[in-house]
Amino acid sequence: MRLSGDPAPGNMNSSGSSNFLLVPIPEYPLLDCVPNKTVKIVVLGASSVGKTALIVRFLTKRFIGDYEANTGALYSRKVTLDGEEVSLQIQDTPCVALQDDAEGLYCQEQINRSIYWADGYVLVFSITDNSSYRTIQPLYQHIRRIHPAGNIPVILVGNKSDLLRARQVPVDEGETLAASLGGVYFEVSARENHEGVHAAFLHLCQEVIRALGGGNGEKRKGGLHLARPKSPNMQELKRRFRQVLSSKVKSATTI
Ligand SMILES: Nc1nc2c(ncn2[C@@H]2O[C@H](COP(=O)(O)OP(=O)(O)OP(=O)(O)O)[C@@H](O)[C@H]2O)c(=O)[nH]1
């Protein structure tokens, strides 16, 4: 899912094109406020698990169900995290896929750069897709190869919890896998509710701040407050949504 924004200068992906890190139009003039901390998060997972839907739900409290194939947009927001002003950047990414041997991973160069860039990791699978769940372990190993040392804040998100009848991954398997990664398991539905998604991202942001040496360890009250989006991103979102709708209507009428 693309949002508006010019390619960030100097960010070139492996093919030399500069459409890798899209810098959305900032919600605040950078001169207004230079938060003393930046939290960089990347959202990773197999195809169609809901990476973009989760980010959009978290940032806008809305569920928009249809997107073009994910090309990897960067979203930036000024947020107040436990009373501290923080610049939050969230990198969406194209899907990763298991290789035929079910051990290796197909992972584009731009995803490797996102992994290297990020401070915290949202690993997403769909509870309705066992293959997306089996992607997580090799994906985590891949992250570890890029960041062999130190603590890498990570959460495991089992999305589409509204589709209980289609469940393929039991809750305890999500919890067990999350524990093996050193993270927490969140079972959520980007379609149905904002609270669960918000809690997951909030937890990861707090872990990142702790890992970056911010705060004095314990979770202060206050939680995470997103600046009201006043950027054209919302207009862009609505335009993209109308575009998808009109294309569906057109295709329906041409049948
Ligand atoms: N029922 C249900 N559907 C969801 C949920 N989250 C996402 N979807 C649907 O799943 C499909 C994929 O959502 P995306 O957000 O595009 O997934 P993605 O992981 O970014 O997809 P890629 O572009 O393949 O990387 C869309 O049709 C969404 O409407 C959810 O919580 N519940």
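In listed order, ligands and their atoms are each counted from 1. Bear in mind that the values here come from a model prediction, so they are computed numbers and not experimental data.
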task = Would you indicate whether the side-chain heavy atoms of L44 and V124 approach each other to under 4.5 Å?
result =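 Side-chain contact under 4.5 Å: no.
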
key: Residue pair I41 / C205, side-chain heavy-atom distance below 4.5 Å   =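 Yes, side chains in contact.
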
query = In terms of the angle between their ring planes, are F186 and H203 parallel, tilted or perpendicular, with boundaries placed at 30° and 60°?
reply =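 It falls in the tilted class, 30° to 60°.
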
task = For the pair F201 and F58, name the ring-plane relationship: parallel under 30°, tilted 30 to 60°, perpendicular over 60°.
result =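 Ring orientation, 0 to 90° scale: parallel.
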
Numbering as shown, the atoms of ligand 1 that approach [X] to under 4.0 Å (heavy-atom distance):
| X | result |
| --- | --- |
| G50 | 7 (C), 13 (O), 14 (P), 15 (O), 17 (O), 18 (P), 19 (O) |
| A53 | 6 (N), 7 (C), 15 (O) |
| S47 | 24 (O) |
| L163 | 1 (N) |
| D162 | 1 (N), 2 (C), 30 (C), 31 (O), 32 (N) |

key: Per atom 11 (C) of ligand 1, closest listed option by heavy atom (K160, R191, R57)   =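 Closest candidate by heavy-atom distance is K160.
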
query = Nearest to atom 31 (O) of ligand 1 by heavy atom, G158, S126, A190: which?
reply =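 The nearest heavy atom belongs to A190.
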
Using a 3.5 Å cut-off and no angle test, enumerate the donor-acceptor pairs between side-chain atoms of residues 174-185 and protein atoms at least two apart in sequence or in another chain.
residue: T176; atom: OG1; partner: D172; partner atom: O; Å: 2.7
residue: S180; atom: OG; partner: L177; partner atom: O; Å: 2.6
residue: Y185; atom: OH; partner: E187; partner atom: OE1; Å: 2.5

message = My understanding is that only residues two or more places apart in sequence, or in another chain, count here; which of them pass side-chain hydrogen bond (donor to acceptor under 3.5 Å, both in side chains) with D162?
response =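 Partners of D162 by the side-chain hydrogen bond (donor to acceptor under 3.5 Å, both in side chains) criterion, ordered by chain and then number, come out as S189.
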
task = Run the numbers on L139 and Q137 for side-chain contact (heavy atoms from CB on, under 4.5 Å), then give the verdict.
result = CA-CA 5 Å; L139 176 54; Q137 186 68 41; over 6 Å; no

key: V124 contact mode with ligand 1 (heavy-atom cut-off under 4.0 Å)   =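 Near ligand 1, V124 shows nothing, with every heavy atom at 4.0 Å or more.
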
Within-cut-off N or O pair, V49 and ligand 1, under 3.5 Å =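 Yes, V49 has an N/O under 3.5 Å of an N/O on ligand 1.
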
ask   = Any N/O of K51 closer than 3.5 Å to an N/O of ligand 1?
value =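 It does: an N or O of K51 is found under 3.5 Å from an N or O of ligand 1.
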
